[in-house]
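Counting convention: from 1, in listed order, for ligands and their atoms alike. Throughout, residue positions are numbered sequentially from 1 according to the sequence presented. The analysis underlying the following values was restricted to heavy atoms, covering all of them including side chains, and did not include hydrogens, waters or symmetry mates.
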Amino acid sequence: MRLFISLVRNALGGVIALLDLITRGRKLKRLPQEQQQVENAVQELTLYQFFACPFCIKTRRAIYKMNLPIRKRSVSSGSPYRDELAQGGGKVQAPCLRIQTPEKDIWLYESSEIIKYLQQRFQ
Ligand SMILES: N[C@@H](CCC(=O)N[C@@H](CS)C(=O)NCC(=O)O)C(=O)O
């Protein structure tokens with residue numbers, strides 16, 4: 001039964017991911033110098049995510065629209081990044097945005113909080 005639920009969830013997630021790809025629309029365009037600054041700034045960010053999770057798709061969609069080339073790490077079972085997320089952030093829940101600062105790492109959970117943070121910083 002658990003396997004069946006997991007299969008249905010992944011199939012649905014795959015359909016949502018495909019629809020997302022088709023309907024994404026345009027990325028935010030910046031002047032080359034501004035885009036370079038953004039690309040430097042996002043070096044400190046990593047998105048821990050599942051491919052087919054609707055909350056992750058929502059977050060990736062916002063990231064795409066804001067034209068932010070943020071590093072992504074899958075936390076599917078068997079991935080070494082799953083342990084990294086569990087140990088660093090305290091739980092395996094995706095999406096989670098890791099913000100690496102010289103002082104400390106911040107592990108930001110909740111898709112809406114992640115999108116709000118990125119919009120405030122980059123839009
Ligand atoms: N309210 C959260 C929900 C996130 C959530 O429920 N993520 C699920 C995947 S869709 C998760 O990480 N579950 C833990 C797991 O599957 O191990 C958000 O908006 O980010």
task: Check whether any N or O atom of E110, backbone or side chain, sits under 3.5 Å from an N or O atom of ligand 1, and answer yes or no.
output: yes
- prompt: Under 4.0 Å from any heavy atom of P95, which atoms of ligand 1 are there?
  reply: 20 (O)
query: atom 14 (C) of ligand 1: which protein heavy atom is closest, and how many Å away?
result: V92 O, 3.4 Å
field: Q35 side-chain N/O to N67 backbone N/O, donor-acceptor pair under 3.5 Å
entry: yes
query: Considering only heavy atoms, does Y109 approach ligand 1 within less than 4.0 Å through its side chain, its backbone, both, or neither?
result: neither
field: ligand 1 to F55 polar contact by distance, N or O atoms, under 3.5 Å
entry: no
message: Among all the protein's non-hydrogen atoms, which is closest to atom 9 (C) of ligand 1, and how far away is it?
response: C53 SG, 3.7 Å
task: Using atom types as modelled and distance alone, determine if a side-chain donor or acceptor of R71 lies under 3.5 Å from a backbone N or O of L47.
output: no
message: I need the atoms of ligand 1 closer than 4.0 Å to a non-hydrogen atom of R82, numbered in the order shown.
response: 17 (O)
- prompt: How many angstroms lie between atom CD of Q123 and atom CG of L28, to the nearest 0.5 angstrom?
  reply: 6.5 Å
query: What about K58: any of its N or O atoms under 3.5 Å from an N or O on ligand 1?
result: no
- prompt: Heavy-atom count around F50 CZ within 6.0 Å, excluding the residue itself: above 12?
  reply: yes
message: Tell me the protein heavy atom at minimum distance from atom 12 (O) of ligand 1, and give that distance in Å.
response: A94 N, 2.8 Å
- prompt: Are L108 and C96 close enough that some pair of their side-chain heavy atoms sits under 4.5 Å apart?
  reply: no
query: Tell me: protein heavy atom nearest atom 19 (O) of ligand 1, and distance?
result: S111 OG, 2.6 Å
Point-to-point distance, once rounded to the nearest 0.5 Å, from CD of Q37 to CZ of F122: 11.0 Å
- line: For E84, the salt bridge (Lys or Arg N to Asp or Glu O under 4.0 Å) test, sequence neighbours excluded, returns R98
task: Under the side chain to side chain donor-acceptor pair (under 3.5 Å) rule, collect the residues that match up with K72, sequence neighbours excluded.
output: none
- prompt: Looking at ligand 1, does K91 have a heavy atom less than 4.0 Å from it?
  reply: no
